[in-house]
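Before any comments, here is the structure.
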Amino acid sequence: MRHEQPPTSLGDVTRVPWREIKDTTGSAAAIPFLLAALASGDDAAARTALYGLQNRICRSGFVVDEATAVTVPFLWDLAQRPQVTCRAQILRLLRNIAVTRQWETATAAYPKLRRRHGDHIAWESAARQAVRAHSVAIERLLRERDAELVHATEELASALAASHIA
């Protein structure tokens, strides 16, 4: 049996069965279009797409869904592309995903919730792991000249370090 590498760059976006995956709004079918708009180099389109993507994969800054972990490698890819106009905001989105523990915290306080929301706990964990799995890019991003980008990278690195200790 041949094991394929999981999709990690925008060139691989069509390998993901987006229509079969759920985001916070329902079907994740729109995510490839939002990722393409982020990569377009058009600042207005990118910011609109980022807002839409945040709503779908990390609503309110802490609600993730099935599509979140699948989308994270594409966000890392975009954050490293100089032509992407909102790289710092993408890194802040990755930071939010890296620290989200809404369902984990709720089920720790109310264990009965686990039976009903087990998928959400797994999605949070998978999303955090996806952010951590691609964090090798942090070193390179810290050497960028854009101060806002470097600051967002430092915030993400700090969040990952803190979550690793916790």
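Between Ala152 and Ala88, the shortest heavy-atom contact is CB-O, 3.6 Å. Across Ala28 and Ala67, no two heavy atoms sit closer than the pair CB-CB, 3.8 Å. Nearest approach of Trp76 to Val131, heavy atoms of both residues: NE1-O, 3.2 Å. Between Arg95 and Ala159, the shortest heavy-atom contact is CG-CB, 3.7 Å. Closest of all the heavy-atom pairs between Ala45 and Ser40 is CB-OG, 4.3 Å. Between Glu148 and Gln89 the shortest heavy-atom distance is OE2-NE2, 3.5 Å.
Both Leu142 and Leu94 belong to a single network of hydrophobic side chains, linked directly or stepwise wherever heavy atoms of I, L, V, M, F, W or Y lie under 4.5 Å apart. Both Val84 and Ile138 are part of a single hydrophobic cluster, where members link through side-chain heavy atoms under 4.5 Å apart. By the rule that hydrophobic residues join a cluster once side-chain heavy atoms approach within less than 4.5 Å of another member, Ile21 and Val72 end up as members of one cluster.
A donor-acceptor distance shorter than 3.5 angstrom exists from the side chain of Thr68 to the backbone of Ile57, with no hydrogens or angles considered. With Arg56 contributing its side chain and Ser27 its backbone, the two residues share a donor-acceptor pair below 3.5 Å. A side-chain donor-acceptor contact under 3.5 Å links Arg140 to the backbone of Gln80. Under a 3.5 Å cut-off, the side chain of Thr100 and the backbone N or O of Asn96 do not form any donor-acceptor pair.
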Give the intermediate values and the outcome of side-chain hydrogen bond (donor to acceptor under 3.5 Å, both in side chains) for residues Ser125 and Gln129. CA-CA 6 Å; Ser125 177; Gln129 288 173 8; 3.3 Å; yes

Set out, in order, the CA-CA distance, both residues' side-chain angles and the distance that settles salt bridge (Lys or Arg N to Asp or Glu O under 4.0 Å) for Glu144 and Arg87, then state yes or no. CA-CA 11 Å; Glu144 292 275 344; Arg87 298 189 311 157; 3.0 Å; yes

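Residues Leu78 and Leu35 have side chains in contact (heavy-atom distance under 4.5 Å, counting atoms from C-beta outward). Put simply, the side chain of Leu160 reaches to within 4.5 Å of the side chain of Arg132, judged on heavy atoms. Side-chain contact check for Cys58 versus Leu93: some heavy-atom pair is nearer than 4.5 Å. Leu75 is not listed as a side-chain neighbour of His134, based on a closest heavy-atom distance of 4.5 Å or more. Residues Phe74 and Ile31 fail the side-chain proximity criterion, which asks for heavy atoms closer than 4.5 Å. Two residues are said to be in side-chain contact when any heavy atoms from C-beta on lie closer than 4.5 Å; Leu149 and Leu91 meet this criterion. Contact annotation: the side chain of Trp123 approaches that of Lys22 to within less than 4.5 Å [non-hydrogen atoms, C-beta and beyond].
Note that CG of Asp77 is 8.5 Å distant from CG of Asp12, once rounded to the nearest 0.5 Å. In this structure, the separation between CG on Leu38 and OG1 on Thr85 is 8.0 Å, given to the nearest 0.5 Å. For the atom pair CZ of Arg81 and CD1 of Ile90, the computed distance is 10.0 Å after rounding to the nearest 0.5 Å.
Side-chain atoms of Asp23 and Thr25 form a donor-acceptor pair, as typed in the model, at a separation below 3.5 Å. With no hydrogens or angles considered, a side-chain donor-acceptor pair links His151 and Glu155 at under 3.5 Å.
Atom CD of Glu139 has 12 or fewer neighbouring heavy atoms from other residues, nucleotides or ligands inside a 6.0 Å radius.
Of the residues listed (Leu53, Leu50, Thr48), the one engaging Leu34 in a side-chain contact (heavy atoms from CB on, under 4.5 Å) is Leu53, and it is the only one.
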